[in-house]
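I have placed the structure first, in the form of structure tokens, so that the comments after it can refer back to it.
Only heavy atoms go into these numbers, but all of them, side chains included; no hydrogens, no water, no symmetry mates.
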Amino acid sequence: SCLICGVNDARLVTDHSHKTGMIRGTLCDPCNGRLGTYEHRLIHRRRAKGRYKIWLEQYGSKIEEYLKRDTGIPYPVKWNIKEFIPYGNI
């Protein structure tokens, strides 16, 4: 299930930190997209609005907790039969 909203019946994606390159966990597609918007807005200090603002109000504490996650597993950037090149080592 999604680690932010808890939905079970959605398509789940593997989320990773763009700072560390480490996998954080699985999210539903909508939460993954909104999380990217959240991080972008933090960088640019923009205020939330519309549906995005409602999502933040509903899941704010879970989002902050989720952003601290680090599984220690690198997010794969390139796979082939003979080698695995982890994030950031290209």
Side-chain angles (χ1 to χ4, degrees):
S1 65
C2 175
L3 293 172
I4 292 179
C5 73
V7 71
N8 285 316
D9 58 351
R11 191 185 115 209
L12 297 177
V13 297
T14 302
D15 174 60
H16 70 284
S17 166
H18 287 247
K19 283 184 182 177
T20 67
M22 297 295 169
I23 292 174
R24 289 188 285 218
T26 54
L27 299 176
C28 66
D29 204 35
C31 281
N32 189 47
R34 290 178 183 135
L35 187 65
T37 301
Y38 175 74
E39 290 178 304
H40 177 78
R41 286 181 180 273
L42 282 177
I43 292 167
H44 298 285
R45 293 186 170 96
R46 294 184 182 158
R47 291 186 354 183
K49 51 188 170 185
R51 286 188 202 171
Y52 170 71
K53 184 177 181 180
I54 294 167
W55 177 77
L56 274 180
E57 290 168 353
Q58 187 172 5
Y59 298 111
S61 61
K62 284 189 173 188
I63 295 165
E64 291 299 323
E65 184 180 311
Y66 178 79
L67 288 172
K68 295 175 188 171
R69 287 179 55 93
D70 181 349
T71 62
I73 302 169
Y75 185 77
V77 169
K78 179 180 175 185
W79 286 92
N80 66 35
I81 295 171
K82 295 183 181 179
E83 67 179 328
F84 161 67
I85 300 172
Y87 189 89
N89 293 340
I90 296 176

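With rounding to the nearest 0.5 angstrom, the NZ atom of K19 is 9.0 Å from the CG atom of L67. Taken to the nearest 0.5 Å, the CD1 atom of I63 stands 7.0 Å off from the SG atom of C31. Within the model, atoms OG1 of T71 and CD1 of I23 stand 5.5 Å from one another, a figure rounded to the nearest 0.5 Å. Between atom OH of residue Y59 and atom CD of residue E65 there is a gap of 14.5 Å, rounded to the nearest 0.5 Å. Taking CG of L27 as the reference point, atom CD1 of I4 lies at 4.5 Å (rounded to 0.5 Å).
In this structure the side chain of C28 never reaches within 4.5 angstrom of the side chain of R11, judged on heavy atoms. With contacts defined as side-chain heavy-atom distances shorter than 4.5 Å, the pair Y75/S17 does not qualify.
A donor-acceptor pair is defined here as one N or O able to donate and one able to accept, closer than 3.5 Å; such a pair exists between the side chain of R24 and the backbone of H16.
Remark: R34 engages no residue in a salt bridge (charged side-chain N to carboxylate O under 4.0 Å, His left out) (not counting sequence neighbours).
Hydrophobic cluster membership differs between L12 and L3, with clusters built from Ile, Leu, Val, Met, Phe, Trp and Tyr side chains linked at under 4.5 angstrom.
Taking every heavy atom of both residues into account, S1 and T26 meet most closely at O-OG1, 3.7 Å.
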